[in-house]
Amino acid sequence: MHHPAEQSPLGKSTAYTASYDPSLLFPIARTTKWAELGLTAETLPYRGVDVWNSYELSWLLPSGKPVVAVGSFSIPADSPNIIESKSFKLYLNSLNQSVFADVQALQLRLAEDLSQVAGKPVSVSVRSLAEVEREGIAPLPGRCIDELDVRIEAYDQPDAGLLRCRQDSRVEASLHSHLLRSNCPVTGQPDWGSLVVEYVGAELIPESLLTYIVSYRQHADFHEQCVERIFMDLQRLLEPERLTVYARYVRRGGLDINPYRSTEALAWPNARIARQ
């Protein structure tokens, strides 16, 4: 079975262009992976965004002087399409020799192009390096479970059967792990992430969550789809009153991807962690 990204620039030799070209952006329909989870656009049990940060954003001022900045892009989790990451990088690089009167003009162009490909409005923020420096580095919330003493044997595919909870105990908890790893479904390159689970529901046994997270280690899927699968598996197990799952992934090609999925309407944070 072919992956929907196989027609994208991923895994192919590609010439980089410095001439503005929005046609470089490659959409991948979310419906295929939603169907694997038994979901449709009308039955999504979560809200959320995919927050992308670009650390290789550059363009020209009217004087011809280059500018560098950090761009952040919030793509709605219920948009028809995700944007394939290499095509995103190629598109951003095509701005390098383009002239924009000011940051507002650049943001408007980015929002228009990305929204058209995603199929829903994409919000864009362009920040100076000084602004990003002032924001600093943030810790992940809650308890880190990585030092738990567990025996792990499953690495090849996500196994929801590893998850355990105490149904007779209802808790509010926040857990995180830096041991999330999966592979790009086209190139096989590893994707490294830190995962946060916050919930009110049946008490999740932390050791079981850790072994479950590690079961993604050889799994091939995109960042967004891994987080959605984790959300769905936890929702089925915990029957939670509230559930939020998000991951902060290590950047590749100047881009990091941070999917957020929640039962709640939240102000999605975009705090950079130490690995980013």
Side-chain angles (χ1 to χ4, degrees), residues 9-10 14-27 48-77 79 81-140 191-194 222-224 246-260 266-276:
L10 267 177
T14 308
Y16 282 76
T17 176
S19 301
Y20 168 66
D21 187 359
S23 71
L24 292 168
L25 291 166
F26 188 92
V49 295
D50 303 322
V51 179
W52 297 60
N53 296 303
S54 170
Y55 296 90
E56 297 180 3
L57 182 61
S58 185
W59 68 98
L60 301 179
L61 297 174
S63 66
K65 180 182 177 181
V67 182
V68 294
V70 175
S72 295
F73 316 94
S74 294
I75 303 173
S79 62
N81 302 313
I82 64 174
I83 300 174
E84 187 276 306
S85 59
K86 184 175 180 180
S87 79
F88 206 148
K89 178 182 179 181
L90 292 171
Y91 163 72
L92 292 176
N93 273 272
S94 82
L95 301 171
N96 290 173
Q97 293 299 111
S98 300
V99 175
F100 292 91
D102 50 36
V103 169
Q104 289 71 31
L106 172 66
Q107 288 184 161
L108 180 60
R109 179 62 56 82
L110 289 166
E112 289 177 347
D113 292 345
L114 296 171
S115 298
Q116 182 174 357
V117 176
K120 279 205 167 183
V122 174
S123 64
V124 177
S125 171
V126 177
R127 294 166 292 158
S128 69
L129 300 187
E131 289 176 294
V132 175
E133 285 175 356
R134 286 194 295 269
E135 292 169 1
I137 302 297
L140 288 178
D191 295 318
W192 303 92
S194 297
F222 287 134
H223 308 64
E224 301 92 333
Y246 66 90
R248 304 287 304 187
Y249 277 91
V250 176
R251 78 184 72 160
R252 188 195 299 160
L255 288 167
D256 64 44
I257 307 173
N258 309 279
Y260 290 78
L266 302 174
W268 309 104
N270 187 24
R272 190 160 52 120
I273 65 172
R275 299 177 79 193
Q276 298 178 306

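Not measured: the values here are computed from a predicted model. For the single chain, residues carry numbers from 1 onward in sequence order.
- In plain terms, the two heavy atoms of Ile137 and Ala274 that are nearest each other are CG2-N, 3.4 Å.
- Looking at heavy atoms from C-beta onward, Arg251 lies out of side-chain contact with Trp52 at the 4.5 angstrom threshold.
- Residues Pro76 and Ser74 share a closest heavy-atom pair of CD-O, 3.8 Å.
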### Query
side-chain contact (heavy atoms from CB on, under 4.5 Å) between Phe222 and Ile82: does it pass, once the steps are laid out?
CA-CA 10 Å; Phe222 287 134; Ile82 64 174; 3.9 Å; yes
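- Across all their heavy atoms, Ser87 and Leu24 have their closest contact at CB-O, 3.1 Å.
- Side-chain polar atoms of Ser85 and Arg252 form no donor-acceptor pair below 3.5 angstrom.
- With rounding to the nearest 0.5 Å, the separation of CZ in Arg134 from CG in Leu129 is 11.0 Å.
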### Message
I'd like to know whether Glu224 forms a side-chain contact (heavy atoms from CB on, under 4.5 Å) with Ile75, so could you lay out the CA-CA distance, the side-chain angles of the two residues, the decisive distance to 0.1 Å, and finally the verdict.
### Response
CA-CA 11 Å; Glu224 301 92 333; Ile75 303 173; over 6 Å; no
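- Of all heavy-atom pairs spanning Ala138 and Ala271, the tightest one is CB-CB, 3.5 Å.
- Side-chain N or O atoms of Asn53 include none that pairs as donor or acceptor with a backbone N or O of Asp256 at under 3.5 Å.
- Between Glu56 atom CD and Leu92 atom CG the span is 9.0 Å, to the nearest 0.5 Å.
- Taking NE2 from His223 and CD1 from Ile257, the interatomic distance works out to 4.0 Å, rounded to the nearest 0.5 Å.
- Side-chain atoms of Ser72 never come within 3.5 Å of backbone atoms of Ser125 as a donor-acceptor pair (strictly under, hydrogens ignored).
- Remark: side-chain polar atoms of Ser58 are paired, donor with acceptor, to backbone N or O of Val67 under 3.5 angstrom.
- A donor-acceptor contact shorter than 3.5 Å is absent between the side chain of Tyr246 and the backbone of Gly48.
- The aromatic rings of Phe88 and Phe73 sit tilted, their planes meeting at an angle between 30° and 60°.
- Once rounded to the nearest 0.5 Å, the distance linking CG of Asn96 with CG of Asn93 reads 5.0 Å.
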### Task
Evaluate side-chain contact (heavy atoms from CB on, under 4.5 Å) for Trp59 paired with Val103, printing each intermediate quantity in order.
CA-CA 10 Å; Trp59 68 98; Val103 169; 4.0 Å; yes
Side chains of residues 104-111: which donor-acceptor partners sit under 3.5 Å, not counting sequence neighbours?
from: Gln107; atom 1: OE1; to: Val126; atom 2: N; distance (Å): 2.8

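- Around the CD atom of Glu131, the shell of radius 6.0 Å holds more than 12 heavy atoms that belong to other residues, nucleotides or ligands.
- For the atom pair Leu95 CG and Ser19 OG, the distance stands at 10.5 Å (nearest 0.5 Å).
- Residues Asp21 and Tyr91 share a closest heavy-atom pair of O-CD1, 3.8 Å.
- To the nearest 0.5 Å, atom CH2 of residue Trp268 and atom CG of residue Asp50 are 10.5 Å apart.
- Residues Asp113 and Tyr20 have side chains in contact (heavy-atom distance under 4.5 Å, counting atoms from C-beta outward).
- Looking only at side-chain heavy atoms (C-beta outward), Arg272 and Val132 come within less than 4.5 Å of each other.
- Of all non-hydrogen atoms in Gly193 and Arg275, the two that sit nearest each other are O-NH1, 3.1 Å.
- Inspection of the Gln276 and Asn258 side chains reveals an N or O donor paired with an N or O acceptor under 3.5 Å.
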